[in-house]
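Residue numbers begin at 1 in each chain, while the letters A, B, ... track the order of the sequences. Any value given below was found using the heavy atoms of this structure, including those in side chains, with hydrogens, waters and symmetry copies removed.
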Amino acid sequence: MSVVRLNEQQSMAVKQTSSPLLVLAGAGSGKTAVITQKIVHLITRCGYQPNQIAAVTFTNKAAKEMKARVGKLLGDSSVKGLIVSTFHNLGLNIIRREHRTIGIRQNFTIFDDQDSLALMRELCKKDVDADKSELIEILNRISAWKNDLKLPDQAIAQAKDNDELLAAKLYEAYTRSLKAYNAVDFDDLILVPTLLFQQNETIREKWHHRIRYLLVDEYQDTNTSQYELVKLLTGKLGNFTVVGDDDQSIYSWRGAQPKNLELLQKDFPNLKVVKLEQNYRSCGRILKSANVLIANNPHLFDKKLWSDKNYGEPIRVLSVKEDNDEAERVVNEILSRRIKQNLKYRDFAILYRGNHQSRLIERALVIKQVPYKVSGSTSFFARAEIKDIMAYLKLLINPDDDNAFIRIANVPRREIGATTLEKLGSYANQRGIGMFAAIFELGLEEHLTGKGLSAVRRFGQLIVKASDNLKRGDTLAVLNELLAYIGYHGYLFETSSSPKAAEYRWSNVAELLKWIEKGIEDNAQAEDPFATTVTKICLREMLDRNSEEESEQNEVQLMTLHASKGLEFPHVYLLGMEEELLPHKSSIEEDNIEEERRLAYVGITRAKETLSIMVAKQRQRYGEMINSVPSRFLEEMPQEDLDWEEDRQQLSDDEKRERGKNNLANLRKMLSS
DNA sequence: TCTGCATTAATTTTT
DNA sequence: TTAATGCAGA
């Protein structure tokens, strides 16, 4: 690894440091190698100190991998101070350092979307009658405004209709609540630093000084506020390298603006552009199919990916009767190919459009006792028991977090009902303080009667005591003691449908505690290791923990197409290549086929050696079977490279004849080409 | 205030 | 089909 031969373009990309640089890096063209080599180059050849360089990615996984690679090249000790983090993490660090100027108190909470939803529900409770999907709709609008650097007053002023005006007003209220709770949401992690840099030249200069060179991975995924942050961080000098591929832009729903690639040329006239077009990952046929497919999309930049690897096996299209068969077929395939071709479980990846699709596959894998790993699923954090415990942790760190307070004041039941909370809330509101702080105010006694008051005060003391203990004792011991004291284990048994379910939920809690233990160890040098750990968990930074251990693990990889970006696998199974699934129904309705095509492109280009595409004729949806049609993307792919294979037993004679014809046609095409 | 039953919505992707 | 939500009654 330490001796990496770069091709001409890669080498140009690494050595170009005098002007801003855009690297257009096709799938599998070695962009991570370029970024890591460039960091090395900057440090060893250009006189940069490691702590003057920042490399920004979008996922924790990518950041972790990049850090490990650079560490390997230079030695872990000599990259001290080098920033390799996600956009959100970088923003978090800026907010932490500058919290005073921003007007946020230390130990602020990070709201994940579950928290935001709970808050929005609370805000709507009073006068707006909205169900969950409407709340999410409003939150999405707010998120879009934030990503577009629009503040509440602008949103209100520019509202086009009543719906929008309502959302804009809720945006204002939401922002005020976050402020009061001493909390920020995911979008704020970018928005707040960007606004700060826009408004405060001194601080901007300070960070210019701190970060002299910036590298951005997956640049096509940046949204408006992220691009603005990049510009503010690098200033007019434009000491940056951004790497991106418009064909792999799959996050427009999150505000990503692939046109930021073009904007760069306008904003930085001295921008240099380097294209990486040699693919080192996939065999020729897979690459060709991907190219042919993506040629159906319009392009910002021309790019011709090529490979000098061998052509490889045909791409198999496995057509099965229904989704159950799909799962069974894939698992059987993996089992037999593993034996026949002497492969490891981890050589296989199963990719799909939506998280729910993993369920059937998981079941089949469990039955056949195949070890597997589902990655990128955030469902862990959606679990009630995890949300409960996280709320306790957040409240311990930030007593102003009313959101957390409301969630757990009565969990487990301690006779603090809705009415009591309501009264406490309005009192706190009127006094302009947090609910937790309000508990101890004498004035509260006028608003709450004996029973409610004592229940609330008991709860307050519980938190105060635990918080005091945390300052002294061993964190984990204190947390365990707290859980034992509130009887959370017992509570799970009372509220679960079966003891088995309760045990499972408790094991989730135990898992969370294990993460915290590990986090505290890893961040022992931090000012507040416990708070740091909780923050990292909020940012999902510990989702795929101990990546080194993990790479030793031998498990079939399951993930969504989105989660697969940036990864590669020898053998890939692409599930559900059907209309309404890929492209997804809602994308068809919204006429956003191009992004779905890119998603398919990403999936196909993950494969190094073989690709198998699954198509089911019927699929269960909301409990009833519906017929499905092969995806239009299959038609767009080069037919001579596809090998259709029907499930033999389920073939009618007609279908067999049809298949034969097709195969013959394919064979002819192959011979003639 | 809590429990149990009935009704209904969900399946796009994530830091 | 499953999971979450809402309502009625104790």
>> Under the criterion side-chain contact (heavy atoms from CB on, under 4.5 Å), I'd like the reasoning laid out for F633(A) against E596(A): C-alpha separation, chi angles, the key distance, then a yes or no.
In response: CA-CA 9 Å; F633(A) 299 148; E596(A) 297 290 305; 3.9 Å; yes
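Listed nucleotides: dT13(B), dT1(B), dT11(B). Nearest to the side chain of H356(A): dT11(B). For R413(A), the side-chain atoms get nearest to dT3(B) when compared with the rest of dT3(B), dT11(B), dT14(B). Comparing dT15(B), dT14(B), dT1(B) against the side chain of T560(A) picks out dT14(B) as the nearest.
Remark: P of dT14(B) and CD of Q226(A) are 16 Å apart, rounded to the nearest angstrom. Protein atom CD of E218(A) is 15 Å distant from nucleotide atom C1' of dT13(B), rounded to whole Å. One can place NZ of K64(A) at 14 Å from C1' of dT15(B), the figure rounded to the nearest angstrom. Rounded to whole angstrom, the span from the CG atom of L360(A) across to the C1' atom of dT11(B) amounts to 13 Å. Atom-to-atom, CG of L229(A) to P of dT15(B) comes out at 19 Å; the value is rounded to the nearest Å. For the pair L539(A) CG and dT14(B) C1', the interatomic distance rounds to 12 Å; values are reported in whole Å. Atom pair H88(A):NE2 and dT14(B):C1' shows a separation of 9 Å (rounding to whole Å applied). In this structure, Y251(A) atom OH and dT15(B) atom P are separated by 7 Å, rounded to whole Å.
Looking at Y181(A) and L119(A), their side chains come closer than 4.5 Å, going by heavy atoms from C-beta outward.
Spacing of C1' atoms, dG6(C) relative to dT11(B), comes out at 23 Å, to the nearest Å.
Nearest-nucleotide mapping onto DNA chain B: of N410(A) and R254(A), the residue sitting toward the 5' end is N410(A). Residue-to-nucleotide proximity on DNA chain B shows that, of T59(A) and L581(A), the 5′-proximal contact is made by L581(A).
Scanning all heavy atoms of the two residues, the minimum distance from I408(A) to A391(A) falls at CG2-CB, 3.6 Å. Listed here is the closest heavy atom pair of T109(A) and N398(A): OG1-ND2, 2.6 Å.
In terms of phosphate contacts, N355(A) brings no side-chain nitrogen or oxygen within less than 4.0 Å of OP1 or OP2 of dT11(B). Residue T419(A) places at least one side-chain N or O closer than 4.0 Å to OP1 or OP2 of dT1(B).
Within 4.0 Å (heavy atoms only), F58(A) reaches sugar-phosphate atoms of the nucleic acid but no base atom. D113(A) comes within contact range of at least one nucleobase, with a heavy-atom separation under 4.0 Å.
Checked options L558(A), L360(A), L561(A); the residue passing with Y352(A) is L558(A) (criterion: side chain to side chain contact (heavy atoms under 4.5 Å, CB included)). Among the candidates R597(A), H299(A), Q220(A), the single residue satisfying the side chain to side chain donor-acceptor pair (under 3.5 Å) test with D247(A) is H299(A).
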> Taking protein heavy atoms under 4.0 Å as touching, what does nucleotides 1-10 of chain C look like 5' to 3' if B marks base contact, S marks sugar-phosphate-only contact and - marks none?
Replying inline: BS--S-----
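Side-chain atoms of E385(A) never come within 3.5 Å of backbone atoms of W506(A) as a donor-acceptor pair (strictly under, hydrogens ignored).
Atom CD of E422(A) has 12 or fewer heavy atoms from other residues, nucleotides or ligands within 6.0 Å.
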